[in-house]
Structure formats: structure tokens, C-alpha cells
There are 2 protein chains.
Amino acid sequence: MARRSDHTRDELHALILGAAGVIVEREGAAALTIRRIADAIGYSSGTLYNLFKDIDDIVVHLNAATLDELHGALTAVPPGREGEATILSLAGCYLRFARNRPHAWRMLFQNLPSGRSRPVWYYRRMDRLFVPVEDALRPMLADGRAAERRRSARVLWAGIHGICSLASDEAVLGWGDVDAMAESLIRNYVAGLRDKRRVSRRNQRLIAGKGKKVRAGRGNAPLESQGK
Amino acid sequence: MARRSDHTRDELHALILGAAGVIVEREGAAALTIRRIADAIGYSSGTLYNLFKDIDDIVVHLNAATLDELHGALTAVPPGREGEATILSLAGCYLRFARNRPHAWRMLFQNLPSGRSRPVWYYRRMDRLFVPVEDALRPMLADGRAAERRRSARVLWAGIHGICSLASDEAVLGWGDVDAMAESLIRNYVAGLRDKRRVSRRNQRLIAGKGKKVRAGRGNAPLESQGK
DNA sequence: AATATTAATTGATCATCGATCAATTAAGCC
DNA sequence: GGCTTAATTGATCGATGATCAATTAATATT
């Protein structure tokens, strides 16, 4: 047949993503195949290529929906006047999401074949996730230090993500520890942020005192010092 | 033919892993197939199944070799009497490794099909990576607080890993920022670690002051407070 | 109402994948 | 030299992503 009036193009689009989402939710990304989606919605496999370029395209759209959900959950946490508490809530939100929807969450970060890259709008959606953290940092890092705030938000978010990532890789870390770890990360990092000046000075002294005389001023990058 | 005297069993084992390593290094994990390895070493595909259970088994052994290399690089950084500087060096080492060997590094963390899990000895090799960080934390966290030191090492390592992970996912973060981000993470987290007591007390006051009276004492877990 | 136009849908088909296993063949032993 | 053992082969299977000529239904035109 052709142009069955069963569904409009948009309905079909949603139908495919819906069925794909169910498969991923239940069995993980590895179970997601063109034929299984087609069977689930009662169309044949070729039809899917009318609406999506290839299977990676489907995955990208699924991930976009997941990112939207996650973003919605993050923006739903009450901002609160105190920054640290807000960040703790945001982290808890992120961890809960990853734990409740492990398959969808892991698919977000599964590496694609070398060479391929995701569309731009996809990365914009990932960037959006930093915003709530950035806002929560405003009490600690004033408006004058926007660049620093931007970086700190990304450091915190990446840190939470790293903890989550190792925890979801069952047995590297157990899920039992992640809450305490995330709390440790946030509490100590934010505390460090608060006495930025004193810390910088102390580190200068300590590093300079270790071996050769090296002035470790702002912008100095000891991480690159032993480049290979 | 059979039992060609070309190579012993061990040689063949190494030959397979060597060829597989070259393929991954050059083209990434997606290019690694049984047939390509077999062609590369001049054997037929069936032979590989004599030495490895399946292709995941080959990947696991490749990853083990990568972990050994990484561990070797980490233990090669001079310990140094000062903890923070050592941790900065360790992080630099980790970031450099991930940047220089992106394919091998990313394969370490690629999620396996739902249900499957890696052998125990594999996770032991991952645990080993925490040890140098734990040792470097000894100056800040005395012997009495071993559990705290253990957790902090994992927090730091997971944080660095998270930064690295988002950076390798090209375009979420650029590689240009990671050094500064890692430095920010370590400097601030360690600083927070240093005035643990004062920080805890301050947070108690702030959280208690926000809305309902909640005593946020030690062991309180605000991350789980709004469980779903 | 009949026909032509357009486009959605199909499913056979292709190359490739991981994995299996009967058949083959070489090495070691008596 | 014949026998045993085990390593090696490659055809084969089921399943994958993707393609495309053929089919068919909805719409426009006459």
C-alpha cells in the first residue's frame, strides 16, 4: 500500500520514537533495531527511512527527548536563595534520573563510530543543562565573574556526571555510594570556591616551595607542564 | 591445516590482541571485527574463538592492557610530599592519556549490552587506579580517616573522569578547557577538604535557615530527600 | 466518473556482522 | 609408518542496517 491514512507524517514520527523509547527503556540500546521498531508499530522496515535518515538519527531524537525530560526535571527544582542547597538538589535530581532511567541515560553518552558527529542542536540541548547550576552559583560568584561561574558550573556538572557514569558501570562504584560522593563533591568544591583568594595564595607558596622556583600565578597550568 | 607451528598458543594470543589494538588505535572500537583481526594476522575467523570466548572477551583483554598502561603512567608520576600538587600531576597524566589515545580510552567505558557484565579481575584493575590518588590525599586526610580518604579519592577521580568524558564527546566541552577545569576541580575540592569542620558548620546553619527547620547533621543526605 | 499524477509503503535484496561446527590437516607419540 | 590428538578452516546460520524497484493508495485533473 501507500500513503495509508492511518497516520499523518507527524503521527508516524511520534509513533516510531514512542516504540523506540519503549524498547530502549525495557531492554537497553542494544535491543533497538529497525526491524523491531517496524514490527512494533505495524509498518515495514523501509518506512522508517522515510522519516529518519538512519538508525543513529532515531537515537539522536530519542536522546533529545531524554534531554528535554532531564532539563524539565532540573528546572523543576525550586531555586532557593542559598546556592549550595540548590546545587545539592540539582545533583540529586540528576542522580535520581540516571538511576531511574538507566538505559535512556546511558544512551545519551554512548560513543558514536569514529568520524560521525551529532547535529548542532543536540549539543545545544546538552548545554542547556548547565544553566540551572550556573544560576545556583550566582550567590557565590558575582556577576563580575561570569567566566569563572561558567567554568565552575561545568566542573560541578561534569563531576556529578563522572560519579554517575562510574556508578552506572555497575561494580566500579555501587549506587549506594553515589549520594554521599556527590554531596562530598559539592560541599567541598563550593567551600573551596568561597575562599578562593586564600587558597590561591597558599597553593602558590606550596608549589613554589617544591623543588625549582616556579611562580604558580593565575593562569599557570601545571597540568600541561609535563606535556608529551 | 591444524596446529601450524607458526606460533605457540601464547604467541597467537598476543598476536590477536596486537592486531586488535592497532585497529582500535587507528579506527576506533567500531572498526574492530573478528574478520578484520583474522585477516590482519593471517588466520581464519574461527581460530579466534579458540583463544577468546567471543569478541567482548577480546575487548576486555584489550581494555585490561590499556588499564595497565594507564596505571603505569600514573604510578610514574613522582609522589611528592605535597598532596595537591601530586593530584594535579595525576590528573594531568590522566587527561593526557585520554587525549593521546582517544579510541582506546573511550573503549574502556563503552557500555556493554544490558545484562552482560565484565569479569571481576577487570574491575580490580579499575580500582587500582584510585590508589595513587588515595596516597596523595594522605597529607590532607590522616590515617584515622581512611574511609573519608577513600571516598575523596573516588570523588576526585570520578570528577576528572567526568570532565574527560564530556570533553571526549567532542563539542560538549572542548579539549581546550579541560586542563583549567581539572585544576579548578582539584584546587577547590582540596581546599574544601582542608577546612572540613568550619564548612560543615556553616552549611548546617544555612540549610537550617532555609524554610523548615531541618537539622543537616553528619550523615544527613539531602540528595535523597525528595525521592520518587 | 474516469483518469493521471504524486508520493507513501513494501519487502526482497545486498553486504556485513558474530558465532557455530563438521571436516580437514598437521603435530606428537608409540 | 600408522595412530591419536588438537588446532585450523571455511561454509553456514541468523540477524543486522540500508537500498530501491515495484506496488498501491490518496489526490488532482479532465
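So you know, we letter chains A, B, ... as the sequences are listed, proteins then strands, and number each from 1. Note that this is a predicted model, so its numbers are computed, not measured.
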Evaluate whether atom CZ of R150(A) has more than 12 neighbouring non-hydrogen atoms of other residues, nucleotides or ligands under 6.0 angstrom away. no
Taking only residues two or more places apart in sequence or in another chain, which ones pass side chain to side chain contact (heavy atoms under 4.5 Å, CB included) with A20(B)? L32(B), I37(B), I58(B), L62(B)
Let's see if you get this right: which residues in residues 28-43 of chain B place a heavy atom under 4.0 Å from DNA chain D? R35(B), Y43(B)
Within residues 46-60 of chain A, find the residues that approach DNA chain D with a heavy atom at under 4.0 Å, and present them sorted by residue number. Y49(A), D54(A), I55(A)
Between H7(B) and S45(A), just flag the one whose closest nucleotide in DNA chain D comes earlier from the 5' side. H7(B)
Between L12(B) and I41(B), is any pair of side-chain heavy atoms under 4.5 Å apart? yes
4.5 Å side-chain heavy-atom contact, R154(A) and I163(B): no
Close residues, residues 15-22 of chain B, relative to DNA chain C [heavy-atom separation under 4.0 Å]: none
Just to verify, which of D135(A), L185(A), I186(A), I160(A) counts as forming a side-chain contact (heavy atoms from CB on, under 4.5 Å) with I87(A)? I186(A)
Check Y94(B), Y123(B), W157(B) against F130(B) for a ring pair (Phe, Tyr, Trp, His ring centres under 6.0 Å) and give me the one that passes. W157(B)
Parallel, tilted or perpendicular: rings of H13(A) and H61(A) (30°, 60°): perpendicular
Of all pairs that satisfy salt bridge (Lys or Arg N to Asp or Glu O under 4.0 Å), the ones with a partner from residues 30-50 of chain B, not counting sequence neighbours: E27(B)-R36(B)
Would you say T66(B) and M107(B) make side-chain contact, with heavy atoms under 4.5 Å? no
Could you give the side-chain donor-acceptor pairs of residues 70-77 of chain B under 3.5 Å, partners two or more places apart or in another chain?
{"from": "T75(B)", "atom 1": "OG1", "to": "H71(B)", "atom 2": "O", "distance (Å)": "3.0"}
{"from": "T75(B)", "atom 1": "OG1", "to": "G72(B)", "atom 2": "O", "distance (Å)": "3.1"}

Value in whole Å for how far the P atom of dA26(D) lies from CG of D6(A): 9 Å
